[in-house]
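Because the structure is predicted, anything quoted here is derived from the model rather than measured. Letters go in sequence order (proteins before strands), and every chain restarts at 1. Just the heavy atoms: all of them, side chains too, but no hydrogens, waters or symmetry mates, feed the values below.
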Protein chains: 2
Amino acid sequence: MLVDDHAVLRAGLANLLNFEPGITVVAEADDGDTARQLWRQHRPDVTLLDLSLTGTDGIETLRLLHAEFPEARVLMLTSSEAHEDIQHSLQAGACGYVTKNIRRAELVDAIRAVHAGGRPIGEHVARLLATETPHGILSRREIEVLGLIRQGFTNAEIGRLLGIAERTAKAHVAALLAKLEAADRAEAVARGFERGLLKV
Amino acid sequence: MLVDDHAVLRAGLANLLNFEPGITVVAEADDGDTARQLWRQHRPDVTLLDLSLTGTDGIETLRLLHAEFPEARVLMLTSSEAHEDIQHSLQAGACGYVTKNIRRAELVDAIRAVHAGGRPIGEHVARLLATETPHGILSRREIEVLGLIRQGFTNAEIGRLLGIAERTAKAHVAALLAKLEAADRAEAVARGFERGLLKV
DNA sequence: TCGTCTATTGGCCGATCGGCCAATCGGGAG
DNA sequence: CTCCCGATTGGCCGATCGGCCAATAGACGA
């Protein structure tokens with residue numbers, strides 16, 4: 001089963017995969033809710049899932065699907081190379097993770113590996129996981145503050161909104177800037193989006 | 001000719017299009033420079049171009065290609081729904097603009113329309129252009145500055161990087177803050193992501 | 001050709017930011 | 001029962017920001 005919000009990619013991929021012996025695309029979905037519904041009907045051996053879906057995002061869809069059907073075998077096929085996306089996907093129950101830059105043969109290999117019970121990680125992705133080491137995870141308070149920074153609030157306003165002193169808000173900002181390795185709040189917001197802490 | 005950084009999409013699309021009578025994929029490129037080089041060799045009737053390319057981006061590639069070969073007929077095929085991307089693509093010489101959510105038949109129609117001299121705008125895209133009325137679309141320069149803000153650069157650094165005065169960088173920042181209705185650069189970055197001007 | 005839009009630059013100024021130092025307190029881990 | 005961490009607060013200060021005023025030149029569409 002294919003789950004991707006790009007109809008063009010789905011059509012092309014379906015066409016391509018149907019030529020592979022032993023592989024048949026039995027269903028396609030362009031959003032998470034449809035995907036889970038179709039899964040119940042078709043029980044596909046393998047599901048290719050994109051992260052960027054309209055409505056329920058890919059991670060959440062994966063989480064819900066996995067909660068309902070722990071036996072579902074899902075291979076993430078996405079363009080994101082974010083460390084968090086990989087980690088969250090695998091933690092949410094994905095069997096594998098490959099990027100869309102993968103070549104045709106490698107994708108087919110990965111699909112067969114997932115079907116056989118393996119947990120393939122794209123070569124490219126594996127390299128990412130090996131090298132990158134995030135310096136620290138944000139506390140809840142810091143994520144909350146980051147959400148307010150995103151909305152353009154000053155430290156004083158953040159303090160007022162959270163019922164704390166401006167000085168304390170500044171401390172939280174300083175802490176999250178360090179953890180995100182950001183030079184200022186603007187870069188912190190960008191890092192937040194990149195790490196999946198903030199969503200569009 | 002196909003220009004897209006996702007090998008999976010190119011492979012699928014090529015496979016699919018080669019089944020359409022009268023359509024043959026003569027070349028594929030995954031970056032802008034390769035695209036222009038291949039165009040010189042193959043002189044394709046129609047070029048499908050994505051906006052997100054590594055290195056020279058899609059708009060710049062389009063601009064360069066159009067400057068060298070004004071007769072090139074390019075159909076933008078991308079996932080961005082940002083007003084700026086649509087406007088800038090058409091101004092840079094694109095014959096048409098469709099999103100990857102388009103269905104197979106519509107894509108084929110659009111390709112034939114471009115070949116015949118038309119300027120097709122995807123149904124979805126047309127609706128976007130008609131309905132949404134943002135306070136103002138960002139200029140290319142402003143988007144460029146926004147990209148630097150995102151990376152945590154100060155106005156002085158932005159000026160240095162772009163070879164302009166700090167004062168001018170400040171003017172660009174002020175302009176984009178107004179257009180994005182953002183209180184500060186942090187909110188501007190967030191708005192940039194929300195509008196699809198910035199990508200993860 | 002005219003007017004609009006964009007890119008460019010200047011000065012001035014109060015508000016805000018981010019960094020550095022240090023401190024208390026409560027809670028979870030070992 | 002300690003130790004470490006996160007949340008909280010304080011003062012101080014140079015750097016940076018964002019707003020307001022005005023101006024020139026080139027490009028592009030009507």
Please tabulate, for side-chain N and O atoms in residues 107-114 of chain A, each donor-acceptor pair with protein atoms closer than 3.5 Å (sequence neighbours left out).
| unit_1 | atom_1 | unit_2 | atom_2 | d |
| --- | --- | --- | --- | --- |
| A:R112 | NH1 | A:P21 | O | 3.3 |
| A:R112 | NH2 | A:P21 | O | 3.0 |

Subject >> Rounded interatomic separation in angstrom, taking CG from A:L176 and C1' from D:dA7 >> reply: 14 Å
Original post:
Quick one, which residues of residues 145-157 of chain B touch DNA chain D with a heavy atom under 4.0 Å?
Top reply: B:T154, B:N155
Original post:
Among residues 163-175 of chain A, which residues get a heavy atom nearer than 4.0 Å to DNA chain C?
Top reply: A:R167, A:K170, A:V173
Subject >> Spacing of A:D50 atom CG and A:D30 atom CG [to the nearest 0.5 Å] >> reply: 11.5 Å
**OP:** Taking heavy atoms of chain B and a 4.0 Å limit, find me the 5'-most and 3'-most nucleotide of DNA chain C within that range.
**Re:** C:dT6 to C:dG11
Original post:
With sequence neighbours left out, what residues match A:F193 under ring-ring contact (aromatic ring centres under 6.0 Å, His included)?
Top reply: B:F193
Subject >> 4.5 Å side-chain heavy-atom contact, A:Y97 and A:L51 >> reply: yes
**OP:** With sequence neighbours excluded, tell me which residues meet side chain to side chain contact (heavy atoms under 4.5 Å, CB included) with B:L148.
**Re:** B:Q151, B:F153, B:I158, B:L161, B:L162
Original post:
Rounded to the nearest 0.5 Å, how far apart are OG1 of A:T99 and NE2 of B:H6?
Top reply: 8.0 Å
Original post:
Is A:R141 salt-bridged to A:E144, cutoff N-O under 4.0 Å?
Top reply: yes
**OP:** Nearest whole angstrom, please: distance from the P of D:dG29 to the CD of B:Q87.
**Re:** 12 Å
Original post:
Do the charged groups of A:K100 and A:D4 touch, with an N to O distance under 4.0 Å?
Top reply: yes
Subject >> For B:N155, the option from B:R160, B:H172, B:R185 that meets side-chain contact (heavy atoms from CB on, under 4.5 Å) >> reply: B:R185
**OP:** Taking only Lys NZ, Arg NE, NH1 and NH2, and the carboxylate oxygens of Asp or Glu, determine whether A:K170 and A:E166 approach each other closer than 4.0 Å.
**Re:** no
